[in-house]
Amino acid sequence: VVIYNMILDSLCKHGHVDDAQNLFSEMDKKGIAPNIFTYNTMINAYCSFGRWSDATQMLREMVERKITPDVVTFNALINTFVKEGRLSGARELYDEMIWRGIVPNTITYNTLIDGYCMLNRLNEANQVFDLMVRKGVSPDTVTFSTLINGYCKAKRVEDGMVLFHKMTRIGCVADTVTYTTLIQGFLRANNVRVAMELFQEMVSRDLSPNIMTYNILLEGLCCNGKLERALEVFKEMEKSEMDIDIYSYGIIIHGMCKAGKVEEAWDLFCGLPLKGVKENEGDQPCPREAIYNTLVRGHLRYHDVNTAAELIKEMRRGGFSAD
RNA sequence: CUCUGAUGUG
């Protein structure tokens, strides 16, 4: 069962929910009984792909087989309500789990907090925070990062910093996500200096910046007219063995266009295939197309209509459409 | 072995 569960989960995480579904019925036929992990995996997968009816069917089935939904099941369900912004539904599920004698854990509260943060309802987010403490559930790094993100998105970076200090005071260690969140907050507040200081601090604490950290830095620097610094950071990325995604190049190209360096942007773009940059992996929006559009706009803005026209032809050839 | 937080270019 454990092996099956691992395979099911990995199939789902890669978006092959139908294959997982098939494997699920196959294991059933072979007489391998699904357990609570199996059901939770499938329910979560259906939920995160919006297949609500499949999810409820799984729920019914597990109950029929006398497998009782546990805290993980409820957390997954609460999360799907939360992601749709249906906080009252999420709260009802929370009440129901308590009614059933299931004890909410840190993840339950973190999920609810995130839901309120997403809707900019920071007071209620804090109320949930107080509630969890009152119930004896300890906030963790994710709890604080979630709240900090809420404040940053609400343009209240300084309040985010207050939480940042509070978390260390009570023994929660800030991780890469925490730092990345704050760095973005400061960049959006056009405070490049503090953002860079935080970046140095995270590195000095042996937290390695990842591709998200870098993309945020690049975009923030470009938006604040610091193309030079962005290019320095970019060099650093190329040196480290991090696999730079095509979005990173898109950000730089966009920054170059905005700074009037349309030629350099074009050169960089032409060099992309040589660098073995990984393109999209079956995702929705096509980054390449976005870059083309960025370049066209850049050329147009600087009155190079001919090159722009040429670019559009080329993208048509490549099967893209200009917007 | 299953559930929660940060990036997506006008």
Side-chain angles (χ1 to χ4, degrees), chain A residues 1-10 12-13 20 34-45 47-48 58 62 69-80 82-83 90 97 104-115 117-118 125 132 139-150 152-153 160 174-185 187-188 202 209-220 222-223 245-258 265 280 283-298 300-301 323:
Chain A
V1 217
V2 177
I3 303 290
Y4 270 96
N5 289 347
M6 293 189 332
I7 297 171
L8 285 174
D9 188 48
S10 134
C12 292
K13 296 271 147 76
N35 61 14
I36 181 80
F37 288 83
T38 321
Y39 282 108
N40 286 341
T41 302
M42 293 306 296
I43 288 170
N44 184 49
C47 285
S48 43
M58 272 287 135
M62 74 187 285
D70 65 359
V71 61
V72 174
T73 322
F74 273 92
N75 287 346
L77 296 174
I78 289 174
N79 188 39
T80 82
V82 154
K83 292 289 119 81
M97 69 191 285
N105 59 15
T106 305
I107 294 182
T108 318
Y109 293 104
N110 289 349
T111 307
L112 289 170
I113 289 172
D114 189 42
C117 285
M118 282 174 45
M132 77 189 285
D140 62 4
T141 301
V142 175
T143 318
F144 282 101
S145 300
T146 305
L147 271 171
I148 289 172
N149 186 39
C152 287
K153 293 287 140 72
D175 64 8
T176 299
V177 176
T178 320
Y179 275 100
T180 303
T181 306
L182 280 165
I183 287 169
Q184 180 181 226
L187 287 171
R188 297 238 257 233
M202 88 178 264
N210 59 22
I211 187 68
M212 283 196 203
T213 318
Y214 278 117
N215 284 345
I216 286 168
L217 251 188
L218 290 179
E219 194 182 341
C222 288
C223 282
D245 59 29
I246 190 156
Y247 287 110
S248 319
Y249 286 98
I251 294 166
I252 290 292
I253 288 171
H254 181 78
M256 285 174 163
C257 287
K258 212 168 77 168
N280 47 326
D283 305 302
Q284 273 72 29
C286 182
R288 228 189 157 75
E289 176 169 297
I291 295 181
Y292 267 120
N293 282 313
T294 305
L295 275 167
V296 171
R297 274 193 290 267
L300 285 177
R301 185 146 1 119
D323 61 17

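Below, chain A is the first sequence line, B the second, and so on; all start at residue 1. These numbers come from a predicted model, not from an experiment.
Side-chain polar atoms of A:Asn44 and A:Asn79 form no donor-acceptor pair below 3.5 angstrom.
One atom, CE of A:Met212, and another, P of B:A6, lie 8 Å apart when rounded to the nearest Å. Here B:U4 presents its C1' atom at 10 Å from CG of A:Asn44, a figure rounded to the nearest Å. The CG atom of A:Asn149 sits 6 Å away from the C1' atom of B:A6 (whole-angstrom rounding). What separates CE of A:Met118 from C1' of B:A6 is a distance of 14 Å, to the nearest Å. Atom-to-atom, CD of A:Glu219 to P of B:U7 comes out at 10 Å; the value is rounded to the nearest Å. Atom pair A:Met58:CE and B:U2:C1' shows a separation of 14 Å (rounding to whole Å applied). Atoms CG (A:Asn35) and P (B:C3) sit 14 Å apart, rounded to a whole Å. Distance A:Asp245 CG to B:U7 C1': 9 Å, rounded to the nearest Å.
For A:Asn5, the side-chain hydrogen bond (donor to acceptor under 3.5 Å, both in side chains) partners at least two apart in sequence or on another chain are A:Asn35, A:Thr38. For A:Asp9, the salt bridge (charged side-chain N to carboxylate O under 4.0 Å, His left out) test picks out A:Lys13, with sequence neighbours left out. Not counting sequence neighbours, the partners of A:Val142 by the side-chain contact (heavy atoms from CB on, under 4.5 Å) test are A:Asn110, A:Asp140, A:Thr146. For A:Tyr292, the ring pair (Phe, Tyr, Trp, His ring centres under 6.0 Å) criterion is met by A:Phe269, A:Phe320, not counting sequence neighbours. Residues that satisfy the side-chain hydrogen bond (donor to acceptor under 3.5 Å, both in side chains) test with A:Thr180, not counting sequence neighbours, are A:Thr213.
In this structure, A:Lys13 does not reach the B:C1 phosphate: none of its side-chain N or O atoms is under 4.0 Å from OP1 or OP2. Distances shorter than 4.0 Å separate some side-chain N or O of A:Lys83 from OP1 or OP2 on B:G5. A sub-4.0 Å separation between OP1 or OP2 of B:U7 and a side-chain N or O of A:Lys153 is present.
In this structure, A:Asn210 reaches the bases: a heavy-atom distance under 4.0 Å links it to at least one base atom across the strands shown. Among the protein residues, A:Asn293 comes within range of no part of the nucleic acid, since none of its heavy atoms lies under 4.0 Å from any strand. Among the atoms of the strands shown, none is found under 4.0 Å from any heavy atom of A:Thr38. Residue-level contact check: A:Thr41 touches the backbone only, with heavy atoms under 4.0 Å from sugar-phosphate atoms and none from bases.
With B:C3, B:U9, B:A6 as the choices, the nucleotide that has an atom nearest any side-chain atom of A:Asn75 turns out to be B:C3. Comparing B:C1, B:G5, B:G10 against the side chain of A:His254 picks out B:G10 as the nearest. Among the nucleotides B:G5, B:A6, B:U2, the one closest to any side-chain atom of A:Asp9 is B:U2. Among B:A6, B:U2, B:U9, the nucleotide with an atom closest to any side-chain atom of A:Thr180 is B:A6.
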Exercise for the section: Please step through side chain to side chain contact (heavy atoms under 4.5 Å, CB included) for the pair A:Asp114 and A:Lys83, ending with a clear verdict. Expected result: CA-CA 9 Å; A:Asp114 189 42; A:Lys83 292 289 119 81; 3.7 Å; yes
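A stacking contact between A:Phe37 and B:U2 is absent: the pair does not combine a ring-centre distance of less than 5.5 Å to the base's six-membered ring with planes differing by less than 30°.
Checked by atom type and distance alone, the side chain of A:Asn40 never pairs as donor or acceptor with a backbone atom of A:Ile43 at under 3.5 Å.
The base of B:G5 is paired with the side chain of A:Ser145 by a donor and an acceptor separated by under 3.5 Å.
Using a 4.0 Å cutoff on non-hydrogen atoms, the parts of residues 104-113 of chain A near RNA chain B are A:Ile107, A:Asn110, A:Thr111, ordered by number.
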